[in-house]
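Everything below concerns the one structure shown next.
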Amino acid sequence: MKLTFFGHAAFGLETADGVRILIDPFISKNRLSPVKVEDLEADYIIVTHGHDDHLGDTLQIADKEKTLIITVLELAHILAKKGYRTEAMQIGGAYNFEFGRLKFVMALHGSATPDGQYAGLASGVVLTIEGKTIYHPGDTGLFYDMKLIGEMNKIDYMFVPIGGYFTMDITDGVKAAELVQPRCAIPMHYDTFDLINADPKEYVEKVKKLGIDSMILKPGESITW
Ligand code: NI
Ligand code: MN
């Protein structure tokens, strides 16, 4: 398994079998992205919510014949009407895909498409793939039920929004790691707009003081397992 950070909340995964998965592929307007939209292909695209910086370039990247877009029901229906293949799930539900198990969990945030259509609830995802469990919380404010997500799932990698303004900031993101108790907390959703500039080193230091491992993934860097 290879997991690559593209900056913001965008990640790419490639399984040992060559299945390609993207999460929240915000690429063309992402000033930190190390890749171009035309270089990306995906078998699956997981979208946490409809905002432009998460739905991102999903429609440009998705092959209408081959790519399955996995998201919450209301957003899935909007995309299905445009002719895309979708898997319409909902918060609280999980499903075993060929690549692994995906569960939608709550996020404290809104969701609409870039043209303003209501797109259901914003979500986070817990993804168990090749023996490791990832928690991508999407955009979210801090909420205490993150503790429940950590109790019900042994999280290996938690991605934590730290940029503030639209999501948690460093202080709230440190508390989020304390609640979830992941094996490793990785900051995301910062420095892509001036409004959300934040220092990931400060975040990592503060999390490590709690006895939780934390690391910075620079855009373009990967974790393999
Ligand atoms: Ni958002
Ligand atoms: Mn966002």
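The first residue of the sequence shown is numbered 1, and numbering continues consecutively from there. What you see below is based on every heavy atom in this structure, not just the backbone, and it leaves out hydrogens, waters and symmetry mates. First listed ligand is number 1; within each ligand, the first listed atom is number 1. Computed from a prediction, not measured in an experiment: that's the story for all the values here.
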So, [X] and [Y]: side-chain donor and acceptor under 3.5 Å apart, yes or no?
X	Y	value
Y95	R101	no
T113	D115	yes
E87	Y44	no

Is the shortest side-chain N to carboxylate O distance from [X] to [Y] below 4.0 Å?
X	Y	result
D194	R31	yes
E151	K147	yes
K175	E178	yes
E205	K201	no

* Asked: Parallel, tilted or perpendicular for H54 and H8, by the 30°/60° rule?
  ->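 Judged by the thresholds at 30° and 60°, the geometry between H54 and H8 is tilted.
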* Under 2.8 Å from the Mn ion (ligand 2), which protein N, O or S atoms are there? Could you list them by chain and number? =>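 Result, waters dropped: D53 OD2, H54 NE2, D139 OD1, D139 OD2, H189 NE2.
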* Asked: Between Y203 and Y190, does the ring centre distance come in under 6.0 Å?
  ->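 Ring centres of Y190 and Y203 not closer than 6.0 Å.
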* Can you list, by chain and residue number, the protein N, O or S atoms under 2.8 Å from the Ni ion (ligand 1)? =>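 H49 NE2, H51 ND1, H109 NE2, D139 OD2, with waters left out.
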